[in-house]
Amino acid sequence: MQESRIVLFPILFPILFGLGLLIFHKIKRKLLIGLTGAGLAVTAVSVARIVWLSVGAEKEMACTFFQLTSRLPVFFRVDLLGSLFAAAVTVVWAAAGIFAFEYMKHEEANGRYFGFYMMAYGALTGLDFSGNLITFYLFYECMTLLSLPLVFHTRTREAVMAGLKYLFYSLAGAYMVLFGLYFVNRYANTLTFTPGGVLDSTLAEGRETLLLLAAFLMLLGFGVKAGLFPMHSWLPTAHPAAPVPASAALSGIIVKSGVFGIIRVCYYIFGVQFLRGTWVQTAFLTLALITIFMGSMLAYLERGLKKRLAYSTVSQVSYILFGLGLFVPEAFTGALLHVLFHAVIKCGLFLCAGAVIYRTGKTSVEELAGMGKRMPVTLWCFTILSLALVGIPPASGFVSKWYLAQGALGSGTAVFSWLGPVVLLLSALLTAGYLLPITMKAFYPGAAGMREHAGMDQKKGGLPGNKTGGGSGRTQEGQEAVGERELSWIMLIPLLFLTALAVIWGMFPGGLVSYIGRIVSQVL
């Protein structure tokens with residue numbers, strides 16, 4: 001048990017480290033960046049070590065931090081599912097953090113940004129390694145509060161209003177989860193996550209209607225963070241208001257905390273046997289399909305680059321929710337694969353968008369004509385990541401969507417067995433429609449596009465620094481950088497890494513599928 005206490009390190013260290021950055025926020029920027037880089041590296045290595053000891057060496061990694069009550073311990077345990085999410089968090093948090101070292105150079109209050117960024121990392125790690133529902137709920141709330149300042153960061157009216165909307169929606173969802181938690185605590189043997197569920201059949205007998213209502217409210221509550229209709233509108237509001245590295249973290253990881261909560265509720269608390277075939281499953285699948293189509297359509301109609309990517313997240317995360325709600329092994333495998341693939345792809349797309357904003361200040365998709373000749377590496381990364389999100393083989397998105405479609409077709413869930421693949425296909429076509437034209441115009445703008453592009457550069461050439469939307473400030477130094485063809489290597493490395501990962505996972509998915517198969521065998 002003493003050895004198992006190392007699970008506390010990647011939770012407490014980044015929280016205390018980030019608190020230190022907040023206290024000493026006035027240190028020189030180079031020192032701040034060096035310390036933050038070291039903090040990210042130490043946390044990432046500690047997460048990797050714990051995951052290896054638990055999964056690779058098969059050591060029991062569990063410990064109780066303290067007791068809220070005799071029945072409610074703050075308890076941590078590393079399992080296969082938590083390790084998968086912890087790995088996704090670490091990859092995205094490190095990539096977006098490294099990108100931010102250069103991107104945030106022209107923003108104010110870097111100490112505050114990186115302080116909360118590190119603290120949110122610790123809260124997410126605590127969420128991933130939570131061993132019971134009460135611990136998960138506590139760190140879920142901490143994650144919301146610690147990620148809120150990332151949305152607020154620029155302190156513009158847009159950012160403040162977006163942050164408040166994020167907070168109010170998140171609190172509404174949290175209260176729905178808390179309502180369900182009361183009843184779970186009353187009618188369950190334990191709150192410790194157990195594959196197959198924890199309900200006491202003797203206590204639950206005759207109260208199935210009440211428990212189904214509690215389950216549905218918990219799914220809706222966690223669905224708020226995942227952008228599930230009709231509680232999705234915070235997401236396209238908060239993402240464009242935050243600095244781009246924060247948007248990448250929000251879209252790639254923060255929304256997945258809601259997905260993680262839904263998995264725990266369905267597969268580890270209530271159990272699929274209790275939920276399968278009920279109105280809860282039908283309502284949840286219906287909302288997921290509505291969200292998939294609606295998000296894709298809104299992204300197709302949106303002209304702002306960051307907001308288009310935010311609506312895309314609304315749609316793509318509901319791919320995961322649809323797979324989870326089918327309660328069949330293939331769909332569950334596809335859902336967990338899409339958790340990883342979407343985290344990497346969408347983080348990369350947001351960072352590409354941020355790279356363009358950082359260099360040029362252009363935030364609308366119409367303004368990107370000819371950008372491929374100026375920033376070829378960035379736009380090639382954007383293109384490859386777009387193809388991966390659409391689901392073009394051999395990129396990773398194809399693999400997860402294949403499993404989702406196969407799972408739906410074989411699920412036997414009445415209308416959803418055929419309607420699901422149809423909606424997924426329509427959404428994939430819309431995804432191609434709102435992403436691929438960006439790259440086509442960037443590399444092949446045509447004569448009119450090139451003239452417009454050149455004219456806009458001439459107009460901007462002599463202007464002083466300005467602030468662009470979404471916290472993307474550009475000083476005179478940033479304005480002078482417009483003439484450069486590409487980013488610095490510290491910004492390109494995360495883009496190249498995420499792009500390579502999106503392709504490699506698609507070409508060689510066997511290891512991930514095998515790992516997820518171990519999780520599937522536990523819960524289905």
Side-chain angles (χ1 to χ4, degrees), residues 226-229 232 235-236 239-240 247-248 250-252 255-256 259 288-323 331 334-335 337-353 356 364-366 368 379-408 419-443 498-499 501-503 505-506:
L228 182 68
F229 175 85
H232 65 282
L235 203 149
H239 283 45
S247 298
L250 284 167
S251 189
V255 296
K256 302 304 190 308
V259 172
L289 289 181
I290 291 172
T291 311
I292 290 171
F293 183 75
M294 177 204 66
S296 295
M297 183 59 71
L298 290 174
Y300 183 79
L301 298 173
E302 178 58 46
R303 294 297 171 234
L305 181 55
K306 287 180 68 178
K307 201 165 185 178
R308 177 174 288 193
L309 294 178
Y311 277 123
S312 172
T313 296
V314 171
S315 174
Q316 293 290 324
V317 173
S318 280
Y319 279 55
I320 301 169
L321 301 185
F322 177 71
L337 285 172
H338 209 59
V339 166
L340 291 174
F341 298 162
H342 178 264
V344 167
I345 294 168
K346 191 51 65 70
C347 178
L349 287 172
F350 263 106
L351 295 186
C352 288
V356 173
S364 173
V365 294
E366 282 85 2
L368 303 184
L379 267 297
W380 269 113
C381 288
F382 187 91
T383 301
I384 294 170
L385 291 167
S386 297
L387 292 172
L389 194 64
V390 173
I392 304 298
S396 54
F398 171 78
V399 179
S400 56
K401 293 179 182 182
W402 176 268
Y403 274 95
L404 288 170
Q406 290 298 309
L419 183 60
V422 169
V423 173
L424 293 180
L425 180 59
L426 288 174
S427 177
L429 292 173
L430 288 169
T431 303
Y434 64 71
L435 286 179
L436 298 185
I438 296 176
T439 62
M440 291 171 64
K441 290 181 181 179
F443 287 107
L498 293 172
T499 303
L501 207 56
V503 175
W505 276 348

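This structure is a prediction, so every number in the text was calculated from the model and none was measured.
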**Report entry** Contact summary for Leu385 and Ala502, nearest pair of heavy atoms
**Finding:** CD2-CB, 3.9 Å
Report task. Go through Met294 and Val314 one step at a time and tell me if the side-chain contact (heavy atoms from CB on, under 4.5 Å) criterion holds. Result -> CA-CA 9 Å; Met294 177 204 66; Val314 171; 4.1 Å; yes
Report task. Working to the nearest 0.5 Å, report the span between CD1 of Ile320 and CG of Leu228. Result -> 12.0 Å
**Report entry** Side-chain heavy atoms of Ser312 within contact of Leu389, under 4.5 Å
**Finding:** yes
Query - Qualifying residues under ring pair (Phe, Tyr, Trp, His ring centres under 6.0 Å), relative to Phe229, sequence neighbours excluded - result: His232
Query raised in the report: For Ile292, does its backbone N or O pair with a side-chain atom of Ser318 as donor and acceptor, under 3.5 Å?
Result: no
Query raised in the report: Atom OG in Ser400, atom CD1 in Ile345: separation rounded to 0.5 Å?
Result: 7.0 Å
Report summary line: When rounded to the nearest 0.5 Å, the distance separating CG of Leu309 from CD1 of Ile438 is 6.5 Å
Query raised in the report: Looking only at heavy atoms, what is the nearest atom pair of Pro421 and Ala405, with distance?
Result: CG-O, 4.1 Å
Query raised in the report: With Lys256, which residues qualify under side chain to side chain donor-acceptor pair (under 3.5 Å), at least two apart?
Result: His342
Query - Phe443, CZ: over 12 other non-hydrogen atoms inside 6.0 angstrom - result: yes
Query raised in the report: Counting distance only, does the side-chain N/O of Thr383 pair as donor-acceptor with the main-chain N or O of Leu379 below 3.5 Å?
Result: yes
Query raised in the report: Is the side chain of Ser427 donor-acceptor paired with the backbone N or O of Val423 at a distance under 3.5 Å, no angle test?
Result: no
Report task. Drop me the distance from Leu424's CG to Thr431's OG1, to the nearest 0.5 angstrom. Result -> 10.0 Å
**Report entry** Sequence-distant partners of Lys401, side chain to side chain contact (heavy atoms under 4.5 Å, CB included), two or more places apart
**Finding:** Gln316, Tyr319, His338
**Report entry** Contact summary for Leu404 and Ala331, nearest pair of heavy atoms
**Finding:** CD2-O, 3.6 Å
**Report entry** Under 3.5 Å side-chain donor-acceptor pair for Thr313 and Lys346
**Finding:** yes
Requested in this report: State whether the number of non-hydrogen atoms from other residues, nucleotides or ligands found under 6.0 Å of Phe398 atom CZ is greater than 12.
Outcome: yes
Report summary line: Nearest heavy-atom contact between Gly227 and Thr291 is O-CG2, 3.4 Å
Query raised in the report: Where do Phe322 and Ala408 come nearest, in terms of heavy atoms and distance?
Result: CE2-CB, 3.9 Å
Report task. Apply the test side-chain contact (heavy atoms from CB on, under 4.5 Å) to residues Phe293 and Leu430: give CA-CA distance (whole Å), side-chain angles for both, the deciding distance (0.1 Å), then the verdict. Result -> CA-CA 9 Å; Phe293 183 75; Leu430 288 169; 4.1 Å; yes
Query raised in the report: Less than 4.5 Å apart, any side-chain heavy atom of Leu368 and any of Lys441?
Result: no
Report summary line: Correct closest heavy-atom pair for Gly506 and Val399 would be O-CG2, 3.7 Å
Query - Within 6.0 Å of OH in Tyr434, more than 12 heavy atoms from elsewhere - result: yes
Query raised in the report: Taking it one step at a time, do Leu321 and Val259 satisfy side-chain contact (heavy atoms from CB on, under 4.5 Å)?
Result: CA-CA 7 Å; Leu321 301 185; Val259 172; 4.0 Å; yes
Query - Gap separating the NZ atom of Lys307 from the NE2 atom of His239, nearest 0.5 angstrom - result: 12.5 Å
Query raised in the report: If you round to the nearest 0.5 Å, how far is CG of Leu436 from CZ of Phe382?
Result: 9.0 Å
Report task. Measure from the side-chain N and O atoms of Arg308 to the backbone N and O of Glu302, and report whether any donor-acceptor pair falls under 3.5 Å. Result -> yes
